[in-house]
Amino acid sequence: MSTSARVAAFIGALGVTFALALGIGSVFGPDAEPAAAAHDAHSTDTSADAQPASLDPAEIPGGLMISQAGYTFALTESNVSAGATTPITFTIAGPDGKAVTSYDTEHEKQLHLIAVRRDFTGFQHVHP
């Protein structure tokens, strides 16, 4: 079999595979529940303005807002220079407005901080 015939056969097989996947996907469709609603309190989106406007705050999974249940996450510096390793400092203010300094242990750690790049090309999960 010539090289051009092999390439044509490969492209044809790829097309059939894609068509089959598209057909199966259209029959079974997406999950009834959006993936964001299935996440627990360890969601990774940290931007309050990244939420769909149609959601009631009570329907938004935990961890997606800057303020929730009287607690507020506040960065000391909101902008950092690209390329430089920069420590991030923040406070979490409680309902009384004072900094929270004691946390419950969850997954063997007292605090989980998950920072995600706006372009979703990287993240860090640290335990400050």
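Computed from a predicted structure; not experimentally measured.
Around the CG atom of L75, the shell of radius 6.0 Å holds more than 12 heavy atoms that belong to other residues, nucleotides or ligands.
When all heavy atoms of A69 and P95 are compared, the pair lying nearest together is O-CG, 4.2 Å. The shortest non-hydrogen separation linking A93 to V100 is C-CG2, 4.1 Å. For the pair F90 and T76, the tightest heavy-atom approach, listed with the atom from each and the gap, is N-OG1, 3.8 Å. Annotation for G94 and Y71: closest pair CA-CD2, 3.6 Å, computed over non-hydrogen atoms.
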Could you please spell out the steps behind the side-chain contact (heavy atoms from CB on, under 4.5 Å) verdict for H127 and H125?
CA-CA 7 Å; H127 306 108; H125 177 175; 3.3 Å; yes

Which donor-acceptor pairs under 3.5 Å do side chains of residues 4-24 form with protein atoms, sequence neighbours excluded?
from: S4; atom 1: OG; to: S2; atom 2: OG; distance (Å): 3.3
from: T17; atom 1: OG1; to: A13; atom 2: O; distance (Å): 2.9

